[in-house]
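For reference, the structure discussed in these notes is given below.
Labels below follow one simple rule: chain letters A, B, ... track the order of the sequence lines, proteins then strands, and each chain is numbered from 1.
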2 protein chains.
Amino acid sequence: MADPPEHTAPDPNEEIMRATYRALRKHGYADLTIKRIAEEYGKSTAAIHYHYETKDDLLAAYLDYLLDQFVDTVRDIKTTDPEERMELLLDKLLVDPVDHQDMLIAMLEMRSQAPYKEAFCERFQQNDEYTRYMLKAVINHGIDEGIFENVDAEHAARALMIIVDGARTRTVVLDEEDALATARRTADEYVTAILSTEEAADGIE
Amino acid sequence: MADPPEHTAPDPNEEIMRATYRALRKHGYADLTIKRIAEEYGKSTAAIHYHYETKDDLLAAYLDYLLDQFVDTVRDIKTTDPEERMELLLDKLLVDPVDHQDMLIAMLEMRSQAPYKEAFCERFQQNDEYTRYMLKAVINHGIDEGIFENVDAEHAARALMIIVDGARTRTVVLDEEDALATARRTADEYVTAILSTEEAADGIE
DNA sequence: CGCTATTTACTAACTGATTAGTCAAACGAC
DNA sequence: GTCGTTTGACTAATCAGTTAGTAAATAGCG
């Protein structure tokens, strides 16, 4: 964004975020320690503590890092056509993660800590609200243009979010490889059957 | 099973399972220690180790205990009428958990450990297969009776499972109180729009 | 019945490893 | 030389798990 790093950008914060990711992937949240992050970082544990006062600070920063990455991928959808935009959004939410499965695992682990760490919960809520708003906006835009049925946009957006979160959870927990694909199909069925107006329908099943 | 306990059954295993539940609820999986379980149990840590060799053994036993409880609630649905049975199943999966939210939290926490503990993953897969089979059977039964459209029952069952898991995840992670209610409504929309035949349709929205 | 023998269920005290976090000293770059 | 960064050695707390010993219930047996 600022300037392309020549070879390797020795930005300590970025490096520590990457190291945290690798450590989280390798050992899981429950066994995520400063020592293990330091090992991935290639420096001592004190070096980590120089950049982040406490473990909680580091984890909060890491969560921001993770969620920002996600927001970035959604933000670069430029299309304004409701139908196409909906397709692309659903792809970003349900198809792209296939290639970033360990990020999905990391995310779920952080998520399961939300009930115990208010900082986590707030960040997830904020991120969710952003995505949900994007969906709701597309639906409302579609309704205005007569492409979508005049449904409760808020409910429809929440329904799609449930499908997204369900697929992600199942991919991780049950190692169900096609959970995302099934969800993509289900989301399409939902859009076609509940949202799309008759004239736009091109036959389900 | 053997004989009804007079006042309180001092079955140590059952007591330890309850203690584990309370400790998990209070501290979360990442901070779940033998000591904390022992505190809930009201005995020493060695007492826990007397009944369960390792922490992993205890947690595996606890997961069995949790999942058995869940299976029991689904098993006592007696209705054979496909439409009614589907409604009751969805209620069990999406309405009942409202009153057992901390069990939902405990479950999600255990779930997020699945990628790192094969024993956990297998148990969740088994439990999921059971529930999914129940749904698939109802759908197939409905298709046979002409109440449901001749759809891909396997896919429809998976779609409903995604909705269930999504709602549960969101309830826990985002503290979204009406996620389960939204999912219940979405599941009904799905059943009505995708499954139910024209004659059975009583109008959505 | 009555007297051991064993089993069940525990406790207090411990071990060695690991945890997050601290700090004085030192390194390397400008 | 000094500022930003890092290290090694440290602390106090906590971790899972072990040990020896004990009190009470249960079983075997005459």
Side-chain angles (χ1 to χ4, degrees), chain A residues 2-3 5-24 26-63 109-110 113 116-120, chain B residues 1-63 65 109-110 113 116-120:
Chain A
D3 53 324
E6 295 294 302
H7 238 213
T8 44
D11 174 15
N13 286 331
E14 174 70 22
E15 290 296 310
I16 291 174
M17 291 295 100
R18 284 192 214 278
T20 305
Y21 171 64
R22 288 195 298 274
L24 185 54
K26 272 191 194 172
H27 309 287
Y29 184 90
D31 294 319
L32 182 67
T33 65
I34 300 278
K35 192 189 168 196
R36 287 200 235 263
I37 296 170
E39 272 164 19
E40 293 295 330
Y41 185 34
K43 309 271 170 76
S44 68
T45 62
I48 304 284
H49 278 293
Y50 173 76
H51 293 281
Y52 298 92
E53 268 204 357
T54 66
K55 192 187 177 187
D56 275 7
D57 287 347
L58 193 160
L59 292 178
Y62 176 68
L63 186 53
E109 295 219 76
M110 307 281 287
Q113 294 305 311
Y116 305 97
K117 304 223 171 186
E118 217 194 327
F120 282 20
Chain B
M1 208 52 90
D3 53 324
E6 294 293 301
H7 240 212
T8 43
D11 175 14
N13 286 330
E14 174 69 20
E15 290 295 310
I16 291 174
M17 291 296 101
R18 284 192 214 277
T20 304
Y21 171 64
R22 288 194 298 274
L24 185 55
R25 208 177 52 182
K26 272 191 194 172
H27 309 288
Y29 184 90
D31 294 319
L32 183 67
T33 65
I34 300 279
K35 192 189 167 198
R36 287 200 236 261
I37 296 170
E39 272 164 18
E40 293 295 329
Y41 185 35
K43 307 273 168 76
S44 69
T45 62
I48 304 285
H49 278 293
Y50 171 77
H51 292 282
Y52 299 91
E53 267 204 357
T54 65
K55 193 186 174 185
D56 275 7
D57 286 347
L58 193 161
L59 293 178
Y62 176 69
L63 185 53
Y65 170 83
E109 294 219 76
M110 306 282 286
Q113 294 304 311
Y116 307 95
K117 305 226 170 183
E118 218 193 327
F120 282 19

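Contact check for D31(B) versus Y116(A): no side-chain heavy atoms found under the 4.5 Å cut-off. For the pair H51(B)/N13(B), a side-chain contact is recorded, criterion being any heavy-atom separation below 4.5 Å from C-beta on. Residues I34(B) and Y52(B) are not in side-chain contact: their nearest non-hydrogen atoms beyond the backbone lie 4.5 Å or more apart. For the pair Y65(B)/T20(B), no side-chain contact is recorded, criterion being any heavy-atom separation below 4.5 Å from C-beta on.
Between Y41(B) and A47(B), the shortest heavy-atom distance links the atoms CE2-CB, 4.3 Å. The nearest pair of heavy atoms linking I16(A) to I37(A) is O-CG2, 4.5 Å.
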**Complete:** For nucleotides 13-30 of chain C, 5' to 3', base contacts (B), sugar-phosphate-only contacts (S) and non-contacts (-) with protein non-hydrogen atoms under 4.0 Å give ------SSBBB-------

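K43(B) has its NZ atom 12 Å from the P atom of dA12(C), to the nearest Å.
Contact footprint of chain B on DNA chain D: nucleotides with an atom under 4.0 Å from a non-hydrogen protein atom, first to last in 5' to 3' order, dC15(D) to dT19(D).
Remark: side-chain polar atoms of K117(B) are not paired, donor with acceptor, to backbone N or O of M110(B) under 3.5 angstrom. The backbone N or O of Y29(A) sits less than 3.5 Å from a side-chain atom of E109(A), completing a donor-acceptor pair.
For the atom pair CZ of R36(B) and CD1 of I48(B), the computed distance is 14.0 Å after rounding to the nearest 0.5 Å.
Contacts of Y41(B) with the nucleic acid, taken as non-hydrogen atoms under 4.0 Å apart, involve only primed sugar atoms and P, OP1 or OP2.
For the pair H51(B) and dT8(C), the criterion of a side-chain N or O lying under 4.0 Å from OP1 or OP2 is not met.
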**Prompt:** For K26(B) and E40(B), what are the C-alpha separation, side-chain angles and deciding distance, and is it a salt bridge (Lys or Arg N to Asp or Glu O under 4.0 Å)?
**Reply:** CA-CA 10 Å; K26(B) 272 191 194 172; E40(B) 293 295 329; 2.7 Å; yes

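The bend of the helix from dC1(C)-dG30(D) to dC30(C)-dG1(D), defined by the angle between the axes of its first five and last five pairs, stands at 30° to the nearest 10°.
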